[in-house]
Amino acid sequence: MTLIEFIDSPPVVNAASMLALSPDRVVLIGSRESALLALKERLFSLASAKMSKNELAKLPKIVIKQTQPNDIKGIAAIIEGFLSQDHCVCDMLGGDEAALVALGMAASRYPVSLHTADIKRGSLHALLNADDALKKASCPRLTADEAIALYGGKITARTELSSLSAENVADIMRLWRICSKDTAAWNKNLTKIRHTLSEIGSAPGELNVLYEKPDKFKTPLKYFLKELSKARLIENLRFDGKELSFRFKDSLIRKCLTKDGLILEIYTSLIGKNIRNSQGEPMFCDIQSGVVIDWDGKTAREIHDKVGGVPYDTVNEIDALFMQGLVPVFISCKNGQVDTDELYKLNTVAWRFGGKYAGKILVSTYANIPKAMHARAKDMGITLLCGVDRTTDPKLCDGIMRDIPFETRIFEAVSE
């Protein structure tokens, strides 16, 4: 089988049919050589990542055919060249008007199977002459790494969730319950803990804390540490007027108690893992937290762009990235006040690595977001889930799930 694709942006349009149909050959047709070459490389890498070592011999041959813009006769001639030699299927979701007119001309002379794709639902739909491969096509899924790579980027760092034990998850939930009682106090206390660790020169992975100036510790922080100790999140807490000492339970707890928004990021990701579809299966096929995305997949040392003589590389951090089949859902988590800039940041990275199909959610513990910001979020297609510190876990699950298909709504805080 030969799959004929008109290159499109976003590139997931071209990847969907290739993954679902497993053709012997993929023909990419477009007018820009640089775009054709880049897409060929990305599709080949994606197909390779999806196959085991024993299946690599089945990798499709990817052929590029450059055309002149709006050259209907030239495009039709290229398509007819393949239709006359092989059984061909063609995806009609991509391509401009000239390409589709050329395809219609070719289809009037040679038999061809035509279909379109529903990217959000990850399915193909026959339009003309459906063949067996199309009828048997299964819904393709992408990991977060594959989705970002398809758009030319690369995930260079993340918070590892796969290694979390049941005890780690229970600790996160205990931390979240403490945080959600008073998020403003949480942020202030974490700032004081960070300053303390900085003052005593504590290394990033060090768990023991010994501070010899306890008079600087105000009463709210003392209560905070006692609450953490009672929840068994810090150990060996001692405060005798001369020195303060304790031990973080583990490195995960230390990280969560030294970065303001980390607890909300991980909590939101764990909530995502619990969301199920109507068949009882996980709604999301991949969930990543604390994702750092390099825009071009190259480090600063590998590129020649410089600002002030220093190599410059564009990167973004997204707090959580959920994959629903082919569709990435970008989530920004804010454990405090939110300004309009956060909407623009979220919209920019989501558009760059998901285009019009990307989901966009802003999760915030701040409930008093101005109406103008709600309106701006709606215009950008961003779902606002506000006041989540006063929201039950099932309600947060429901709020995220209602973003499928991606609708904008204000999430009302619900008391425990």
Side-chain angles (χ1 to χ4, degrees), residues 10-12 119-120 141-162 164 172 255-256 259-273 275 283-300 313-366 369 373 376-377 380-386 388 396 399-401 403-404 406 408 411:
V12 68
I119 299 301
K120 287 188 175 181
R141 294 183 172 189
L142 297 179
T143 65
D145 290 88
E146 291 166 349
I148 298 301
L150 185 58
Y151 288 80
K154 182 179 181 180
I155 295 178
T156 58
R158 75 199 78 204
T159 301
E160 293 296 343
L161 298 179
S162 58
L164 295 185
I172 291 296
K255 290 176 182 176
C256 290
K259 181 180 178 183
D260 295 344
L262 184 58
I263 183 62
L264 181 57
E265 293 177 19
I266 299 179
Y267 168 71
T268 301
S269 298
L270 293 177
I271 290 295
K273 286 179 176 289
I275 297 178
M283 175 69 76
F284 302 103
C285 55
D286 190 19
I287 289 179
Q288 299 291 336
S289 179
V291 176
V292 177
I293 302 174
D294 186 297
W295 275 46
D296 60 6
K298 298 178 181 179
T299 65
D313 198 14
T314 303
V315 296
N316 275 106
E317 181 174 359
I318 193 73
D319 298 324
L321 177 54
F322 295 2
M323 290 300 304
Q324 190 203 16
L326 294 165
V327 177
V329 181
F330 295 85
I331 302 177
S332 178
C333 300
K334 296 302 169 188
N335 192 21
Q337 292 191 12
V338 183
D339 57 37
T340 307
D341 284 348
E342 296 301 331
L343 298 180
Y344 287 105
K345 292 176 185 177
L346 176 58
N347 191 57
T348 297
V349 69
W351 183 261
R352 172 63 178 80
F353 294 102
K356 61 184 179 181
Y357 298 110
K360 294 166 281 189
I361 303 175
L362 194 152
V363 175
S364 173
T365 56
Y366 190 62
I369 293 179
M373 190 169 171
R376 186 65 56 87
M380 292 182 176
I382 297 174
T383 296
L384 295 180
L385 302 183
C386 309
V388 295
L396 180 54
I400 294 174
M401 195 156 56
D403 193 52
I404 310 296
F406 310 106
T408 304
F411 195 80

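One-based numbering along the sequence shown. All values below come from the heavy atoms of this structure, side chains included, with hydrogens, waters and symmetry mates left out.
- For Arg352, the salt bridge (Lys or Arg N to Asp or Glu O under 4.0 Å) test picks out no residue, with sequence neighbours left out.
- Within the 4.5 Å cutoff, the side chain of Asp145 has heavy atoms near those of the Arg158 side chain.
- Counting heavy atoms from C-beta on, the side chains of Glu265 and Lys259 come closer than 4.5 Å.
- In terms of heavy atoms, Gly325 sits closest to Cys285 at N-SG, 3.6 Å.
- The two residues Ser364 and Gly336 make their nearest non-hydrogen contact at OG-O, 3.5 Å.
- Counting only heavy atoms from C-beta outward, the side chains of Thr268 and Asp319 never approach each other to under 4.5 Å.
- Residues passing the side-chain hydrogen bond (donor to acceptor under 3.5 Å, both in side chains) test with Tyr344 are Arg376, sequence neighbours excluded.
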Practice prompt. Could you walk me through whether Leu262 and Leu264 pass side-chain contact (heavy atoms from CB on, under 4.5 Å), step by step?
Written response: CA-CA 5 Å; Leu262 184 58; Leu264 181 57; over 6 Å; no
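- Residues Asn335 and Asp260 form no side-chain contact, since every pair of their non-hydrogen atoms from C-beta on lies 4.5 Å or further apart.
- For the pair Gly272 and Phe322, the tightest heavy-atom approach, listed with the atom from each and the gap, is CA-CE2, 3.7 Å.
- Looking at every heavy atom in both residues, Ala144 comes nearest to Asp286 through N-OD2, 2.8 Å.
- Scored by the side-chain hydrogen bond (donor to acceptor under 3.5 Å, both in side chains) test, Ser332 finds no partners at all (sequence neighbours excluded).
- Take Glu160 and apply the salt bridge (Lys or Arg N to Asp or Glu O under 4.0 Å) test, not counting sequence neighbours, and it matches no residue.
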Item to complete: List the steps, then state whether side-chain contact (heavy atoms from CB on, under 4.5 Å) holds for Thr156 with Val315.
Response: CA-CA 9 Å; Thr156 58; Val315 296; 5.5 Å; no
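- With rounding to the nearest 0.5 angstrom, the CG atom of Leu326 is 12.5 Å from the NZ atom of Lys120.
- Pairing each heavy atom of Leu346 with each of Ile331, the nearest pair is CD1-N, 4.4 Å.
- Here Leu362 contributes atom CG and Met373 contributes atom CE; the two are 6.0 Å apart, rounded to the nearest 0.5 Å.
- Atom CZ of Phe330 sits about 12.0 Å away from atom CH2 of Trp351, to the nearest 0.5 Å.
- Under the ring pair (Phe, Tyr, Trp, His ring centres under 6.0 Å) criterion, Tyr267 pairs with Trp176, not counting sequence neighbours.
- Formation of a donor-acceptor pair under 3.5 Å by the Lys360 side chain with backbone atoms of Met380 is found in this model.
- For Lys154, the side-chain hydrogen bond (donor to acceptor under 3.5 Å, both in side chains) test picks out no residue, with sequence neighbours left out.
- Put simply, SG on Cys333 and CD1 on Ile266 are 10.5 Å apart, with the number rounded to the nearest 0.5 Å.
- Note that the CZ atom of Phe284 and the CZ atom of Arg141 stand 11.5 Å from one another [nearest 0.5 Å].
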Practice prompt. Determine, step by step, whether Ile148 and Leu321 satisfy the side-chain contact (heavy atoms from CB on, under 4.5 Å) criterion, reporting the C-alpha distance in whole Å, the side-chain angles of both residues, the deciding distance to 0.1 Å, and the verdict.
Written response: CA-CA 10 Å; Ile148 298 301; Leu321 177 54; 4.2 Å; yes
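- Side-chain contact between Ile293 and Phe353: present, with at least one pair of heavy atoms (C-beta onward) separated by less than 4.5 Å.
- Residues Pro328 and Gly354 approach most closely at CG-CA, 4.0 Å, considering heavy atoms.
- Within the 4.5 Å cutoff, no side-chain heavy atoms of Tyr366 are placed close to those of Cys386.
- Put simply, the side chain of Leu384 reaches to within 4.5 Å of the side chain of Leu343, judged on heavy atoms.
- Counting heavy atoms from C-beta on, the side chains of Lys273 and Leu161 come closer than 4.5 Å.
- One distance of note links CG of Asn347 with CD of Glu342; it measures 12.5 Å at 0.5 Å rounding.
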